[in-house]
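Letters A, B, ... mirror the listed sequences (proteins, then strands); counts begin at 1.
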Amino acid sequence: MKIATYNVNGVNGRLPVLLRWLDVAQPDIVCLQELKAPQDKFPEKAIRERGYESIWHGQSRWNGVAILSRVGTIHETRRGLPGDPDDVQSRYIEAAVNGVLIAGLYAPNGNPRPGPKFDFKLRWFDRLLAHLDGLVGMDAPVVIAGDFNIIPSDRDVYVPDRWRDDALFAPEVREAYSRLLGQGWIDALRHEHPGETIYTFWKYLRYAFERDAGLRIDHILLNPVAASRLVTAQVDKAPRSWPKTSDHTPVWIELGDDKRKRRKRSAK
DNA sequence: ATGTCGGTGTCGCACCGA
């Protein structure tokens, strides 16, 4: 089962790119971020015609997250993080799909730092950690996928020193990511490619993609049950080179069969 | 500071967020 995350940066403006990518990449489950579309403007029909059902949490102008599936019904379990009734931003959606609990997230950018936006980002991660702490130990595979807006380490940014004060690389934010991994989550991409330079985002500015001046900020985290089924984790760089494309590119994992189930089946 | 996007409304340029 192929599970992907893709910050599309405008789901309607980017619809041709999204559909092209669905056609060639053939993911089974997709988490989308930065829809930039109100709830009633999500292109559900075009996506359904490609074979995917979807749930989404839209918002006028900014944010917005969705989950797509071509492997069975999406059973929504949550939209929005608990812990702040004043938070109306569409940044978290969660569902059970085909035996896997999937969370799609779009974390706050947090710039400029310091400032209220940065404070909101830190509080948002406190709420995320509080919620995910209750999911990591589940007896089912749990996959957290999205744009975390966190550069985890020096290896994940083309010129670390230029990003020290940025809200994506600030010590407080990297510390939140460390605490998250400390709960028991596995960073799938880094786990599969420990020494590699891996980017998932390149600014539109100054030929950043052509210079490979990128960041790794889109992550897929696995609980131990999901990690035991991990076959591979990859960045799909091709869509970033397409015309009228997002500044992010998709990240995906392949989960193999549940060995416990297979054993049960073969025992029959 | 720079630069380049999508989306929105004050509507076909200026803005915001990223």
Side-chain angles (χ1 to χ4, degrees), chain A residues 5-22 30-44 46-47 56-66 86-92 104-125 128 145-152 156-170 172-174 176-177 199-219 237-251:
Chain A
T5 177
Y6 190 9
N7 179 324
V8 288
N9 189 8
V11 72
N12 286 305
R14 218 66 77 185
L15 192 58
V17 170
L18 173 62
L19 297 179
R20 178 180 173 184
W21 170 70
L22 289 175
V30 182
C31 297
L32 297 177
Q33 302 89 37
E34 268 202 272
L35 304 179
K36 289 184 169 179
Q39 188 66 15
D40 61 350
K41 293 280 163 45
F42 182 80
E44 181 186 22
I47 289 169
W56 66 96
H57 193 193
Q59 182 181 332
S60 182
R61 294 195 195 128
W62 301 305
N63 309 321
V65 285
D86 295 330
D87 177 10
V88 294
Q89 301 184 20
S90 301
R91 295 184 177 277
Y92 185 91
L105 65 84
Y106 173 52
N109 176 292
N111 278 306
R113 168 183 177 268
K117 287 184 179 176
F118 187 70
D119 296 340
F120 177 75
K121 180 177 193 172
L122 294 182
R123 289 197 309 272
W124 193 89
F125 271 104
L128 179 72
D147 176 359
F148 284 66
N149 268 318
I150 295 180
I151 302 165
D156 301 310
V157 48
Y158 63 105
V159 184
D161 286 343
R162 233 179 264 171
W163 287 80
R164 297 278 174 218
D165 297 326
D166 193 276
L168 277 60
F169 200 41
E172 306 94 310
V173 169
R174 295 170 61 180
Y177 196 73
Y199 301 139
T200 67
F201 165 93
W202 300 260
K203 284 186 176 185
Y204 289 120
L205 323 176
R206 292 174 296 190
Y207 301 97
F209 184 63
E210 288 78 359
R211 294 186 292 120
D212 201 26
L215 313 174
R216 189 172 75 95
I217 55 177
D218 301 271
H219 307 303
K237 257 182 103 167
R240 185 61 182 78
S241 70
W242 297 346
K244 298 279 286 176
T245 199
S246 171
D247 41 6
H248 296 250
T249 211
V251 178

Practice task
Test side chain to side chain donor-acceptor pair (under 3.5 Å) on Asn9(A) and Lys36(A) and set out the steps.
Solution key: CA-CA 7 Å; Asn9(A) 189 8; Lys36(A) 289 184 169 179; 2.9 Å; yes
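Mapping Asp147(A) and Gln59(A) onto DNA chain B by nearest heavy atom places Gln59(A) at the nucleotide closer to the 5' end. With the nearest nucleotide of DNA chain B identified for both Leu205(A) and Gly13(A), Leu205(A) has the one nearer the 5' end.
Rounded to whole Å, atom P of dT4(B) lies 12 Å from atom NZ of Lys203(A). Separating the CZ atom of Phe120(A) from the P atom of dG17(B) is a distance of 13 Å, rounded to the nearest angstrom. Look at NE2 on His248(A): it is 17 Å from P on dG17(B), rounded to the nearest Å. When the C1' atom of dT4(B) is taken as reference, atom CD of Glu34(A) falls 14 Å away, rounded to whole Å. Computed from coordinates, the Phe118(A) CZ to dG17(B) C1' distance equals 17 Å when rounded to whole Å. Protein atom CG of Asn63(A) is 12 Å distant from nucleotide atom C1' of dC16(B), rounded to whole Å. Whole-Å rounding puts the Asn9(A) CG to dC16(B) C1' distance at 13 Å. The distance between atom NZ of Lys117(A) and atom P of dG17(B), rounded to the nearest whole Å, is 4 Å.
Residue Asn149(A) is out of contact with every strand shown, counting any heavy-atom pair closer than 4.0 Å. If you check every strand for non-hydrogen atoms under 4.0 Å, Asp247(A) touches nothing. Nucleic acid contact class of Tyr106(A) (heavy atoms, under 4.0 Å, all strands): sugar-phosphate only. Among the atoms of the strands shown, none is found under 4.0 Å from any heavy atom of Pro108(A).
Nucleotides dT10(B) and dC15(B) are separated by 14 Å at their P atoms, to the nearest Å. Spacing between dA18(B) and dG3(B) at atom C1', rounded to whole Å, works out to 12 Å. Comparing dC16(B) with dC11(B), their C1' atoms sit 16 Å apart, to the nearest whole Å. Comparing dG6(B) with dA1(B), their C1' atoms sit 23 Å apart, to the nearest whole Å.
No more than 12 heavy-atom neighbours from other residues, nucleotides or ligands sit within 6.0 angstrom of CZ on Arg162(A).
Counting heavy atoms from C-beta on, the side chains of Leu22(A) and Val30(A) come closer than 4.5 Å.
In this structure, of dC5(B), dA18(B), dT8(B), it is dT8(B) that holds the atom nearest to the side chain of Pro38(A). Here dG7(B) is the nucleotide among dT8(B), dA18(B), dG7(B) with the atom lying nearest to any side-chain atom of Asn12(A).
Between Trp56(A) and Phe42(A), the angle of the ring planes stays under 30°, which puts this pair in the parallel group of the 30/60° scheme.
Between Arg61(A) and dG17(B), a side-chain N or O to OP1/OP2 separation shorter than 4.0 Å is absent. Residue Lys244(A) has a polar side-chain atom (N or O) positioned under 4.0 Å from OP1 or OP2 of dG6(B).
A donor and an acceptor atom sit less than 3.5 Å apart, one in the side chain of Arg206(A) and one in the base of dT2(B).
Proximity of a side-chain donor or acceptor of Thr5(A) to a complementary backbone N or O of Val251(A) within less than 3.5 Å is not detected. When atom types are taken as modelled, the side chain of Arg211(A) and the backbone of Arg206(A) share a donor-acceptor pair closer than 3.5 angstrom.
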